[in-house]
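For reference, the structure is listed below as structure tokens.
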There are 2 protein chains.
Amino acid sequence: MTTLSLTDLDETDRAILRALAADATLSAGALGRRLGLSQPAAWRRIKRLQEAGVIKGRRLVLDHERLGFGVTVFLGVKLATKGRVSLEDFERAVTAIPEVQTVEHILGLYDYRLRVVARDISDFERVLRRRIMTLPGVGDVEANVLLSEERRPGPL
Amino acid sequence: MTTLSLTDLDETDRAILRALAADATLSAGALGRRLGLSQPAAWRRIKRLQEAGVIKGRRLVLDHERLGFGVTVFLGVKLATKGRVSLEDFERAVTAIPEVQTVEHILGLYDYRLRVVARDISDFERVLRRRIMTLPGVGDVEANVLLSEERRPGPL
DNA sequence: CTTGAAAAGAACTGCCT
DNA sequence: AGGCAGTTCTTTTCAAG
């Protein structure tokens, strides 16, 4: 496992990550052609990046609107009671809510940021009142409705 | 294109999405075995979901820490000047910053939420001062350092 | 690192229930 | 809709330069 070696990725590794980050569907052969490598060479590099843990996996990108979840809301949550037990209780309870897609523990005015999806605004109200506000230790809550979102490749 | 398909996904489609959302590596054959379908049957459903636009693509999940970006910060940004041109100017400029991974236009106290990665805190300070604060129309900025994050499958 | 080749498996197609 | 059988392509592994 801890063959953890590398912060030493060369420029070719970075190019592979850039290409795959945009489209994880690319085959080793197609990648090699694009970068001037043979198929086995590209394949070995990809495998190396996976085993080093740099590539953690591949996930589907779903269109939640088409799945009937037209509303995405970010919630900032401040805990009324802090301390180790409160954090653990809150995290356990919040991860059991299906509408919660992401739980981020952050440093700042709020303790947690939640990404919540709902079918529509009234469905969101239901989730907020019956699920979120009843979580253990919840204090202040701030809501932000997502209007649009753009993801970028990130630095490499 | 507009083979507009439907909000009518049956339970099998949902099971496919649940499985693939966790691991997009699964082959149609493996998926079929898991659900009691033949390989072509599973394959046809996956293809249908892709053509319907429910599945938008497959993305790599990278470990940014191992890539040397140990710090993730969320920035709430309030624009000083609003209006159509200001929003477009801001969005164009902000998407050109490599450290910015996500740009979310939101409704609430702040106008945008940015997800920013940096090598360390002093690298983040550089990005903040030289890149973010110099963006056109930037007013208030609030920063939240990410401590930990958990992603969940979401409702289905 | 390359090329070449072989085995396994996945993707795709057509036909039939 | 689903299954079966077959073809084609890629992935994956290995040998050798």
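Lettering of chains follows the sequences in order, A, B, ..., and the numbering in each one begins at 1.
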**Q.** Atom of A:Leu35, atom of A:Thr12 and distance for their closest heavy-atom approach
**A.** CD1-O, 4.5 Å

Q.
What is the first contacted nucleotide of DNA chain D and what is the last, in 5' to 3' order, if contact means an atom lying under 4.0 angstrom from a heavy atom of chain B?
A. D:dA1 to D:dA5

Q: Spell out, as yes or no, whether a donor-acceptor pair under 3.5 Å connects the side chain of B:Arg66 to the backbone of A:Ala52.
A: yes

Tabulate below the donor-acceptor pairs under 3.5 Å that side-chain atoms of residues 138-147 of chain A make, not counting sequence neighbours, or state none.
unit_1: A:Asn144; atom_1: ND2; unit_2: B:Leu107; atom_2: O; d: 3.2

Q: Please work out whether the ring planes of A:Tyr112 and A:Phe90 are parallel, tilted or perpendicular, with thresholds of 30° and 60°.
A: tilted

Q: Please assess A:Glu125 against A:Arg130 for the test salt bridge (charged side-chain N to carboxylate O under 4.0 Å, His left out), listing each intermediate value before the final yes or no.
A: CA-CA 8 Å; A:Glu125 189 190 5; A:Arg130 310 189 53 161; over 6 Å; no

Q) Looking only at heavy atoms, what is the nearest atom pair of B:Ile55 and B:Ile46, with distance? A) CD1-O, 4.3 Å

Q: At the 4.0 Å heavy-atom cut-off to chain B, mark where contacts on DNA chain C begin and end, going 5' to 3'.
A: C:dA10 to C:dG14

Q: Could you verify whether a donor N or O on one side chain and an acceptor N or O on the other, from B:Gln101 and B:His64, lie under 3.5 Å apart?
A: yes

Q: Take A:Glu150 and A:Arg152 through the test salt bridge (charged side-chain N to carboxylate O under 4.0 Å, His left out) and record every step on the way to the result.
A: CA-CA 7 Å; A:Glu150 173 150 10; A:Arg152 312 242 321 113; 5.5 Å; no

Q: Using the P atom on both, measure C:dC12 against D:dT12 and round to a whole Å.
A: 15 Å

Q: Compare every heavy atom of A:Lys82 with every heavy atom of A:Ser86, then report the nearest pair and how far apart it is.
A: OG-O, 3.3 Å

Q.
Which is more 5' along DNA chain D, the nucleotide nearest A:Pro40 or the one nearest B:Pro40? Just name the residue.
A. B:Pro40

Q) Which of residues 28-39 of chain B sit near DNA chain C, with a heavy atom under 4.0 Å from it? A) B:Ala28, B:Gln39

Q: Mark yes or no: B:Arg119 above the aromatic ring of B:Phe69, with NZ or CZ under 6.0 Å from the six-membered ring centre and no more than 45 degrees from the axis.
A: yes

Q | Touch class at under 4.0 angstrom, heavy-atom based, for A:Arg44 against every strand present | A | base

Q. Any side-chain donor paired with an acceptor under 3.5 Å for B:Gln50 and B:Arg45?
A. no

Q: Taking B:Asp123 for its side chain and B:Ala118 for its backbone only, find out whether a donor-acceptor pair lies under 3.5 Å.
A: no

Q) Name the stems with DNA chain C in them: runs of three or more consecutive Watson-Crick or G-U pairs, distances under 3.5 Å? A) C:1-6 with D:12-17, C:8-17 with D:1-10

Under 3.5 Å, which donor-acceptor pairs link side chains of residues 24-34 of chain B to any protein atom two or more places apart or in another chain?
unit_1: B:Thr25; atom_1: OG1; unit_2: B:Asp23; atom_2: OD1; d: 3.1
unit_1: B:Ser27; atom_1: OG; unit_2: B:Ala30; atom_2: N; d: 3.1

